[in-house]
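Here the structure comes first, spelled out in structure tokens, and everything after it is commentary.
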Amino acid sequence: IDSDNEGYLYVIDAKTDVCFVYNNKGGFVAQIGTKGKKKEFGYLYKPTKVAVEPTGENIYIFDDNSTLRKINVYAKDAHGAYPYSRHDKVSEKVSSLKVNNYKRLMVSYASESNPQEINFFNKDGTIERSLTGKDSFIVAKDYEVDDAENIYILNNTDDVYVFKQQKLLREK
């Protein structure tokens, strides 16, 4: 589940393999995606995570299909519908999917063999920056961004690390 600045809720329904949108009063607004088959790119098959830009402009849905793991991007149109825009393939299972206030998609992966990393993707789906264990955390249990400038990372020993988002976007 995620929400935007207007209070709209975006809820993944695992039974029907779609995402439902509700307004701030709980009224149904729209359905994002349709149930599909494993190898059809534009459809959802086993969606598990949703992340929404604060403006509600773009919605990202992780589709945990073992044949094709992907993050689907849906862009809200002028009529309030959410047509399919594109997908980006991912190789590992996504453990967390969020959007920061710079409209960068933040993705962390669940992997037993590699230290966890949080990747920042820009609008075209390319990685802009990665935070990894060398940045003081081995496993990020959770992370969050505030309305101003910070990203907070809770590591596996319950320590919190704070990073400035703007600085992260400039560093390589």
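Everything numeric here is computed off the predicted structure, so don't read it as measured data.
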Rounded to the nearest 0.5 Å, what's the gap from [atom1] on [X] to [atom2] on [Y]? Could you check?
X    : Y    : atom1 : atom2 : value
S95  : Y143 : OG    : OH    : 6.5 Å
L9   : S3   : CG    : OG    : 6.0 Å
K123 : T126 : NZ    : OG1   : 12.5 Å
Y82  : E57  : OH    : CD    : 11.0 Å
D17  : N65  : CG    : CG    : 9.5 Å
I32  : L44  : CD1   : CG    : 9.0 Å

Discussion item. For a side chain to side chain contact (heavy atoms under 4.5 Å, CB included) check, start with the C-alpha distance between I153 and I118, then their side-chain angles and the critical distance, and finish with the verdict.
Written reply: CA-CA 10 Å; I153 299 173; I118 300 171; 3.9 Å; yes
Just checking, is any N or O donor in the side chain of [X] or [Y] under 3.5 Å from an acceptor N or O on the other one?
X    : Y    : answer
Y10  : D4   : yes
N72  : K70  : yes
K164 : N150 : yes

Item to complete: Indicate yes or no: does E53 engage K76 in a salt bridge with an N to O separation below 4.0 Å.
Response: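 Salt bridge flag = no for K76 with E53.
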Worksheet item: Should R69 and D63 count as an ion pair when the cut-off is N to O under 4.0 Å?
Response: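 No, this pair does not count.
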Looking only at heavy atoms, what is the nearest atom pair of [X] and [Y], with distance?
X    : Y   : result
G80  : A30 : O-CB, 4.2 Å
F62  : K93 : CZ-CA, 4.2 Å
A75  : P83 : O-CD, 3.1 Å
P47  : V18 : CG-N, 4.2 Å
G125 : D88 : CA-OD2, 3.7 Å

Item to complete: Test M106 against every option in V99, V145, L97 by the side-chain contact (heavy atoms from CB on, under 4.5 Å) rule and name the one that passes.
Response: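 Exactly one candidate clears the test, V145.
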Discussion item. If we check side-chain contact (heavy atoms from CB on, under 4.5 Å) with T48, which of these qualifies: V94, D64, I12?
Written reply: D64
Discussion item. Using side chain to side chain contact (heavy atoms under 4.5 Å, CB included), reason through Y8 and N24 one step at a time and then give a plain yes or no.
Written reply: CA-CA 5 Å; Y8 280 49; N24 58 6; 5.5 Å; no
Item to complete: Report the C-alpha separation of N100 and F120 in whole Å, then their side-chain angles, then the decisive distance to 0.1 Å, and conclude whether the side chain to side chain contact (heavy atoms under 4.5 Å, CB included) test is met.
Response: CA-CA 9 Å; N100 68 9; F120 293 76; 3.8 Å; yes
Practice prompt. Output all residues satisfying salt bridge (Lys or Arg N to Asp or Glu O under 4.0 Å) with D77, sequence neighbours left out; order by chain, then residue number.
Written response: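 By the salt bridge (Lys or Arg N to Asp or Glu O under 4.0 Å) rule, D77 matches no residue at all.
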Worksheet item: Parallel, tilted or perpendicular: which describes the rings of F20 and Y22, with under 30° parallel and over 60° perpendicular?
Response: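 Judged by the thresholds at 30° and 60°, the geometry between F20 and Y22 is tilted.
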Fill in: Expected output: side-chain D2 to main-chain V52 donor-acceptor under 3.5 Å
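The answer is yes, because a donor-acceptor pair under 3.5 Å joins these two groups.
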Discussion item. Is there a side chain to side chain contact (heavy atoms under 4.5 Å, CB included) between I61 and Y74? Walk through the geometry before answering.
Written reply: CA-CA 8 Å; I61 299 175; Y74 297 87; 3.9 Å; yes
